[in-house]
Amino acid sequence: MYACPYNNWTDFNGAKFNGEPDAMTKFFNETGITSEAAYSYFFTELLTSFSKDFEEGTKASSSHDDFKKKYDLLINTRSSDYLRNLYTFIGNHDKTRTIHGLALDMELFHATLQDTGDDTNRARQHAQREKVIQVLSGAKNINEVPLELRLNVDNLDYFRTVSTRAVAQSKILMDSINEDLKGIASNEDIALLNEALIDLANGNYMKSKDTEKMTRINLAQISSIENAVNEIARLAEKRNIRLTSEEIKLIINGAKSLNLNNYLVKGDFDSDGELGNINKNYLNEIAGSTDNAENYSLYTIQIARMIKQAAKDKNINGLDNVLKDFVNTYNREKISQNMDGFKMYEDFATARKKNSYGAQDFRVALEEVINQAEYKSGRKIANKDEIIAIVYNSITEPAIKKQAMMLSFLGALCGIPTIYSGDEFGDTGFEDKAKNPNVRNRMASRLSEMDRNTLMGKIMKRNSKYTFDALRNKANIKPIQNGSSYSMDVMINGKNREELLTRIGEIEKIRKIIPKGSDLDKNLEKELNGLNRGCSTLAYMMQGADGRMAISVFNAADIEHNSRVNYFKKFNLHTDEEKEEFIKNNNIQRIENYNSDDMNIALNRNRKYNPYVPMQEKSTMDAILMGTGVTIPIGTIFYNICNKDDKTEYIVKKIKDKIGIVRADGKKIVMDGLTAKHGVMMLTNFRGRPKQDTIFNKQYNIAPKSYKTEEKPIEGNKLSVIAK
């Protein structure tokens, strides 16, 4: 088999197919197959408009381009039957639960911590290792991470047995516990829960009461900037040099303000190539020579360099010999004698335990965290149920918003949108192709649990309720089920999508050759963000044989791909008044608008809104432009069926040399929380209720024939709406 036909090469040794798209198109058209699972078209491409992909955690699309290319390919190459019966979904039986993947840091979950040598991957791996040392040291932020780990973040010996799956699980739970439980749990209990999270990430569940430390060097004098500077002051006194308390404070603060990336421990003095030479220069800077390099520790050399630079910045001189004393005192032998060995490998059972914990349903993981905390302390944790409810709800609310948006997108496209059993309740848990037997998320939904008034179930039912079901049960959008699909365009600030993308390309080229951070760079970045927002708006039309039309306009602008983004900070909102004004002006439908008493669960009383729930700023369009092959009579009126209070009329007009839909009152088309709930606006040219209700395509009927009630097709003038 030649590889080239699947890379869209042409005329290669008489190849039968011009690339994979051509092969698949001919396969479906010639075989007459009318149904397919849209795995290759919708699953990842739609997902990456909202999140990092679930398979590797590295792919994301800021402009919807990947999704649009795949969907346009389908509607331009497949038959009408194929499109009507296309099985679409965002989650299925052998992938992570959608809520789980949207809530977790999937880039960390799938991270490879070892250095691959590629500059792009090296920067990504460094960033993931920084997350690991923060979680496994229990630090609330990177500045609280022990100095040893921060300087050794690129020393791969520290990461040989780390499970990034387990770290990702502990990270999301730790973030919420530290933010959401203030006033709910005592500081002592919060600290205990953090230790339990470290335990589980290390494969320790009800096995040991000691929390494993990631640090290896057992010398307090060099464990922090403060301790190292105080040790320098002690050694200085031996040379009759007295540092005042004010000078010590100045050096400490100065060292803390330095960029630690300039002082990282990478390799050693005998490393091959340029790295070894750089490290020898560091040694020479402090010791005055590179002789006997094998006697020195690169770790203490880097600490000494930090202190030397901080003292220089504060005009504190005369410490050169003291710094020599410091690196000679804390040399390689001294550290070796006071250092725990690295774990270079671990047994299979422990590794499996870590990975299984990382894949568990959030509720199960939280229960284990509390069990471990109680085991360590020998006492019960107060407010156990309340803690689980608050943390579980906090970390899943943002994911619910994204899932509701994606379900709305599916509901406004052709095909048969499907939701995997349990996802409608917001089940969590990760599964992969390995079919890990320790993963519990693929068991049948526990209806007894689902019957509890959990925030998750209530929000899913109240805010999305099979969002596509809510959309498709509207009787006047029957074309979505049985119409022909056409790609449309949008005009934003006088530019169509192609013109927006052209300008994006121009800006990206310019930014590569101008100084980063310059005024021009900042202005171009601002323009680029606006252009990308515009490209996040897509439009499609489904036209039925009876003349009814449904136009779906999608908007994913402002939705961040990372799982835990503070949207109030993103929009520079600080006070409650600013937040309320922003929500009101943009008609944002916050999913926190629920009645906590009705939910019958304890909710976080410390904040009114969950800041991580995605929000969208109001977007505007000049017009929705007709695509190729679309002909609608000028003067045709469309109505917004996503919001019954939107009385605006949208009319077909000629716009220069194009035909498009504009607001009849001459204003710009507005997409906000009311006109485009969950980021989807739907326009129809039929207002009122037709004689026959719309129904779903009944593609599958697995009832035995003796029990089967035969359905009669509802015949229109030209078609039947029952799929066979």
Side-chain angles (χ1 to χ4, degrees), residues 97 99-100 103-104 135-140 163 165-213 350 353-397 399 425-430 438-441 443 446 448-450 452-457 564 596 599-606 610:
R97 289 286 186 186
I99 297 296
H100 199 87
L104 279 181
V135 172
L136 293 184
S137 62
K140 293 183 177 64
S163 164
R165 290 170 65 144
V167 172
Q169 178 84 289
S170 283
K171 183 180 187 304
I172 188 68
L173 299 178
M174 192 177 287
D175 286 346
S176 178
I177 283 171
N178 289 328
E179 288 184 29
D180 298 319
L181 296 186
K182 295 173 183 176
I184 305 298
S186 67
N187 290 337
E188 183 182 3
D189 281 354
I190 290 174
L192 194 57
L193 292 171
N194 275 283
E195 291 179 11
L197 286 165
I198 299 172
D199 288 344
L200 267 69
N202 282 314
N204 173 21
Y205 176 58
M206 308 285 282
K207 185 173 67 174
S208 171
K209 296 184 179 182
D210 295 326
T211 298
E212 183 176 338
K213 294 182 179 179
T350 302
K353 190 178 295 184
K354 291 180 181 180
N355 287 330
S356 297
Y357 158 70
Q360 283 178 163
D361 174 277
F362 292 141
R363 289 164 296 192
V364 176
L366 281 165
E367 288 169 359
E368 291 189 353
V369 169
I370 290 177
N371 290 342
Q372 177 69 9
E374 291 178 340
Y375 170 72
K376 291 169 69 73
S377 63
R379 60 177 176 78
K380 293 292 182 182
I381 298 292
N383 305 327
K384 174 180 177 179
D385 292 338
E386 189 175 12
I387 287 171
I388 292 175
I390 288 173
V391 174
Y392 184 77
N393 295 333
S394 176
I395 64 179
T396 51
E397 283 173 1
F425 294 112
D427 272 359
T428 59
F430 191 95
N438 294 276
V439 178
R440 307 172 192 180
N441 62 302
M443 296 167 64
R446 294 165 288 185
S448 59
E449 281 196 18
M450 294 302 103
R452 296 182 311 181
N453 286 326
T454 60
L455 175 61
M456 180 67 59
R564 198 167 175 85
S596 59
M599 298 296 176
N600 194 29
I601 59 172
L603 298 170
N604 191 345
R605 298 183 290 269
N606 295 319
N610 185 336

Roughly how far, to the nearest 0.5 Å, is CG of L192 from CG of L197?
10.0 Å
Heavy-atom closest contact (A201 atom, S170 atom, distance)
CB-OG, 3.7 Å
Quick check for you: to the nearest 0.5 Å, what is the distance between L173 atom CG and D180 atom CG?
11.0 Å
Atom OH in Y375, atom CD in E368: separation rounded to 0.5 Å?
14.0 Å
Scanning both residues in full, the closest heavy-atom pair of L200 with A365 reads CD2-O, 4.4 Å
Taking NZ in K213 as the centre, count heavy atoms belonging to other residues, nucleotides or ligands within less than 6.0 Å. Is the count above 12?
no
If only atom types and distance count, is the side chain of T428 paired as donor or acceptor with the main-chain N or O of I99 below 3.5 Å?
no
Checking the side chain of S394 only, and the main-chain atoms of I390 only, is there a donor and an acceptor separated by less than 3.5 Å?
no
Side-chain contact test, heavy atoms from C-beta onward, threshold under 4.5 Å: evaluate it for L193 versus I370 and give yes or no.
yes
OG1 (T211) and CD (Q372) are apart, to the nearest 0.5 Å, by 7.5 Å
Minimum heavy-atom distance between E179 and R564, given as atom pair plus value:
OE1-NH2, 3.5 Å
Nearest heavy atoms of I395 and S176, plus distance in Å:
CG2-CB, 3.6 Å
Give the minimum heavy-atom separation between S137 and I198, together with the two atoms involved.
C-CD1, 4.0 Å
Residue pairs, two or more places apart or on separate chains, that pass salt bridge (charged side-chain N to carboxylate O under 4.0 Å, His left out) and touch residues 183-208:
E188-R379, D189-R379, E195-K376, D199-K376
Set out, in order, the CA-CA distance, both residues' side-chain angles and the distance that settles side-chain contact (heavy atoms from CB on, under 4.5 Å) for N202 and Y357, then state yes or no.
CA-CA 10 Å; N202 282 314; Y357 158 70; over 6 Å; no
Mind checking the CZ-CG spacing from R97 to D361? Nearest 0.5 Å is all I need.
9.0 Å
Hey, mind stepping through H100 and Q169 against side-chain contact (heavy atoms from CB on, under 4.5 Å) and telling me if it holds?
CA-CA 10 Å; H100 199 87; Q169 178 84 289; 4.2 Å; yes
With a 4.5 Å heavy-atom cut-off, do N204 and E212 have their side chains touching?
no
Counterpart residues, side-chain hydrogen bond (donor to acceptor under 3.5 Å, both in side chains), relative to N371 (two or more places apart)
Y205
Interatomic spacing from CD1 in I388 to CD1 in I381 - rounded to 0.5 Å
11.0 Å
Do V391 and L181 make a side-chain contact, defined as non-hydrogen atoms from C-beta onward lying under 4.5 Å apart?
yes
Would the distance check show the side chain of N383 and the main-chain N or O of A185 forming a donor-acceptor pair, the cut-off being under 3.5 Å?
no
